[in-house]
Structures are given as structure tokens and as C-alpha cells.
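Letters go in sequence order (proteins before strands), and every chain restarts at 1.
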Amino acid sequence: GNSVTQMEGPVTLSEEAFLTINCTYTATGYPSLFWYVQYPGEGLQLLLKATKADDKGSNKGFEATYRKETTSFHLEKGSVQVSDSAVYFCARTSGTYKYIFGTGTRLKVLA
Amino acid sequence: EADIYQTPRYLVIGTGKKITLECSQTMGHDKMYWYQQDPGMELHLIHYSYGVNSTEKGDLSSESTVSRIRTEHFPLTLESARPSHTSQYLCASSGQGWTEAFFGQGTRLTVV
């Protein structure tokens, strides 16, 4: 089927720790892939994107690489900050009009 | 910075009332979406539109209705609000091709 699976949270890290949030997808074809971030009480904001295999999206120290062979788009950051505490959603395009979102991973960074 | 706006941000309303949640975007996007977000964070697509005068039901059945009379405007209406409608509602839009969706800040609806 067509889906997005991301690791369940919550993920709790100390400040300056390394972050990985796993995301895998199933798809027929080559969707565009996205990571969104949602801060409390807000809508989703695009964090980064990749539109074809081997593309690396990056923004604000976060990175993710579109891996067609493993159908993955894992989110990484080398050194998290307290301000990175939020919910992170992996997503992919579906057909011409839709998006499929993962269930979200809550990240809590402790000072 | 995305130019998509939702009003109101917060709404507390009594059972049986009719409400309209507003969503407007100034980016000229043809596609617009309404998502319902439960407390467990998961997003559920309830309506979408790929242009003026086109609306489609999403993956999650909803008692709400939508209209798309103008490109920039995609309001959602509940004819008779119930406590089960209490949720966060997120509006989004996207342009041509495999572009990202831009989200509004959401409307937190509470029906008492």
C-alpha cells in the first residue's frame, strides 16, 4: 500500500545529543518526501524536503537523504537544542493532489 | 513565510450551533486541504479541493462541508456542532507539481 511509517515517540534527549528519527515509506513510483515540524499550538511548518532519489534536504542543522533502495528518509541533527522540542512529521506526496503523513514523533530536549 | 491564514485560532461553542472555520491563502495555490488533528497528533484528511468549484471528501468521514468559490478561500462549515467535533483543524494549500503543502496555524475548536 501507500504509507509512511515513523518511529514512535516520545524521544527524550539531552541538549547537544545526536538526533535520529526514522521514517520509511511505501509507494509505487517516486514521491517527493518531506519533514515537517509542529510547535505547540501551531500548524505544521516545512523543515526540509527532497524530490528525487539521493537528494539531501537540509535546514537549521537538520538533514535527511532520500534513499530509494531502502525507501527511507531519516531525519538527523548533530546537536539538538531545547528549542528543537516539537513534534516531527514525515510525509510523502500521493498521486497528484494528496499528501500522506506519518503519525508524528514528539521530541523533548532537556537542558 | 507561508501566506495562509485561519480564523479563529480558538473557538468554544455550544452544542447545536452552526460554525464556519475560515481559511485563506494569498499564494494563488490551486490545491487546498482540511485536516483534523486528534490529541494523539495524527493528521486526518477530511476535505480537499484542486481548484475553484471542486471539492472532495478526504480519507476520514466528516460531518463538515466545504466550498471553494474563490481560489484563495476554502471555508469549512459544521451545521450543528457536537462535542465529538472538538479537535484541532488545520488548513493547507499547495501549488503546481510535487511541491510542499503550506499550513495555517490551525483552529482549536471546543464544543461544550
Tell me, yes or no, whether the heavy-atom count around A/E16 atom CD, taken from other residues, nucleotides or ligands under 6.0 Å, exceeds 12. no
Quick check against the 3.5 Å criterion: does A/Y36 have a side-chain atom that pairs as donor or acceptor with the backbone of B/F103? no
Hydrophobic cluster identity match, B/M27 and B/V52, side-chain contacts under 4.5 Å: no
Rounded distance [0.5 Å steps], CE in B/M41 versus OG1 in A/T105: 6.5 Å
Checking side-chain contact (heavy atoms from CB on, under 4.5 Å) for the pair A/Y99/B/Y48: CA distance, chi angles, key distance, verdict? CA-CA 11 Å; A/Y99 300 85; B/Y48 66 100; over 6 Å; no
Can A/L19 be reached from A/L110 by stepping across I, L, V, M, F, W or Y side chains whose heavy atoms are under 4.5 Å apart? no
ILVMFWY cluster, A/Y39 and A/L48 together (side-chain gap under 4.5 Å): yes
Can you tell me how far the CG atom of A/L46 sits from the CD atom of B/E100, to the nearest 0.5 Å? 5.0 Å
Minimum-distance pair of heavy atoms, taken over all atoms of A/F34 and B/T99: CZ-O, 3.8 Å
Measuring heavy-atom distances to chain B, does A/L44 have an atom under 4.5 Å in its side chain, in its backbone, in both, or in neither? both
Under 4.5 Å to a heavy atom of chain A? For B/Q88 that would be side chain
Whatever's closer than 4.5 Å to a heavy atom in chain B on A/Q45 counts as neither
Between B/F74 and B/L60, is there a shared hydrophobic cluster once you connect ILVMFWY residues whose side-chain heavy atoms come closer than 4.5 Å? yes
Most chain A-contacting option - heavy-atom pairs closer than 4.5 Å, from B/G104, B/G106, B/A101, B/S49: B/A101
Are more than 12 heavy atoms, taken from residues, nucleotides or ligands other than A/E8, located less than 6.0 Å from that residue's CD atom? no
Write down the atom of B/Q37, the atom of A/F89, and the distance for their closest heavy-atom approach. NE2-CZ, 3.5 Å
Hey, does B/L90 have a side-chain heavy atom less than 4.5 Å from the side chain of A/Q38? yes
Ignoring hydrogens and angles, tell me if any N or O in the side chain of B/R9 forms a donor-acceptor pair with the backbone of A/E42 under 3.5 Å. no
By a 4.5 Å heavy-atom criterion (distance strictly below it), what part of B/D59 contacts chain A: side chain, backbone, both, or neither? side chain
